[in-house]
There are 2 protein chains.
Amino acid sequence: MTPAHSPLASTPEPPYYVVIFTSLRTEGDNGYNRMADRMAELAAQQPGFLGIESARAASGLGITVSYWNDEEAIQAWKAHLEHAVAQRLGKEKWYAAYSLRVARVERASSTIGTNISKD
Amino acid sequence: MTPAHSPLASTPEPPYYVVIFTSLRTEGDNGYNRMADRMAELAAQQPGFLGIESARAASGLGITVSYWNDEEAIQAWKAHLEHAVAQRLGKEKWYAAYSLRVARVERASSTIGTNISKD
């Protein structure tokens with residue numbers, strides 16, 4: 001079993017939705033890490049939130065994948081007041097470039113919750 | 001403009017497909033990085049390949065997102081002989097846990113190819 005606090009998200013059977021946010025950071029922290037932590041915490045409190053996974057490579061490329069019940073949940077999170085402020089600051093100072101994609105998960109497989117050790 | 005070799009993928013207008021592979025590595029390299037580089041190189045040569053983005057956090061969480069024209073391209077890449085060997089080795093020794101999701105990208109926005117610098 002994967003620990004409850006595994007960085008791998010545990011999601012229900014498809015279909016559900018995913019937001020893929022990929023970015024290149026500007027130089028320096030400038031309050032970014034504090035805001036990123038706050039946004040992850042806040043996202044997890046939203047209706048329809050299913051999970052989030054995030055990684056940033058030494059090259060500067062960051063990938064955040066968040067999972068949602070439906071498009072409505074994604075739209076509501078996008079419009080959340082505190083998140084809107086973070087989005088504006090991201091465009092202004094934290095991201096040199098980014099892409100955002102919304103996709104419908106059609107199939108999934110995972111070792112999460114299964115025992116993959118070999119006896 | 002983002003450089004041609006930007007780690008951010010440049011993809012066409014949706015719809016297209018995405019494979020989201022998230023993983024936790026086992027300890028040690030054990031040939032992993034060499035194979036990961038080879039698989040990225042090989043994937044890029046497949047029909048229907050649109051792009052790939054990859055990042056691994058200090059926590060050990062890795063996210064690789066690859067973009068494809070359609071489901072057929074994804075199936076063909078999954079069945080590729082050299083890739084099949086890598087998948088088997090991944091299960092046997094490189095990954096402590098992983099999830100794989102296939103999703104249909106419905107909308108996207110990006111700063112790639114646009115000038116986001118402020119004059």
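Just so we're on the same page: letters track the sequence lines, and every chain starts at 1. Quantities reported herein were computed from a predicted structural model and do not represent experimental measurements.
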*asked:* Donor-acceptor check, side chain of A:T26 to backbone of A:K93, threshold 3.5 angstrom: yes or no?
replied: yes

_Closest approach of B:L100 to B:F21 (non-hydrogen atoms, all atoms of both residues)_ = CD1-CD1, 3.9 Å

*Can B:V102 and A:E106 be said to form a side-chain contact (heavy atoms from CB on, under 4.5 Å), step by step?*
CA-CA 6 Å; B:V102 177; A:E106 303 196 335; 5.5 Å; no

_Shortest non-hydrogen contact between B:L8 and A:S23, atoms and distance_ = CD2-N, 3.7 Å

*Top contributor to chain B contacts, counting heavy-atom pairs under 4.5 Å, from A:P14, A:S10, A:S109, A:P15*: A:S109

*Report yes or no: does B:W94 contribute a side-chain atom to a donor-acceptor pair with the main-chain N or O of B:L89 at less than 3.5 Å?*
no

*chain B contacts: which residues in residues 73-80 of chain A have a non-hydrogen atom closer than 4.5 Å to it?*
A:I74, A:Q75

*Check whether any side-chain heavy atom of A:L42 lies under 4.5 Å from a side-chain heavy atom of A:E82, and answer yes or no.*
yes

*Heavy-atom pair of closest approach, residues A:S99 and B:A9*: OG-O, 4.4 Å

_More than 12 heavy atoms of other residues, nucleotides or ligands under 6.0 Å from CD of A:E13: yes or no?_
no

_Which residues pass the salt bridge (Lys or Arg N to Asp or Glu O under 4.0 Å) test with A:E41, not counting sequence neighbours?_
A:R38

*Taking only heavy atoms into account, what residues of residues 54-68 of chain A are found under 4.5 Å from chain B?*
A:S54, A:A55, A:R56, A:A57, A:L61, A:I63, A:V65, A:Y67

*Closest non-hydrogen atom pair, B:A108 against B:Y16*: CB-OH, 4.0 Å

_Region of B:V18 in contact with chain A, defined by heavy-atom distances below 4.5 Å_ = side chain

*Could you look at A:I20 and say if it's the side chain, the backbone, both or neither that has a heavy atom under 4.5 Å from chain B?*
side chain

*In chain order, what residues pass the salt bridge (Lys or Arg N to Asp or Glu O under 4.0 Å) check against A:R34, with sequence neighbours excluded?*
none

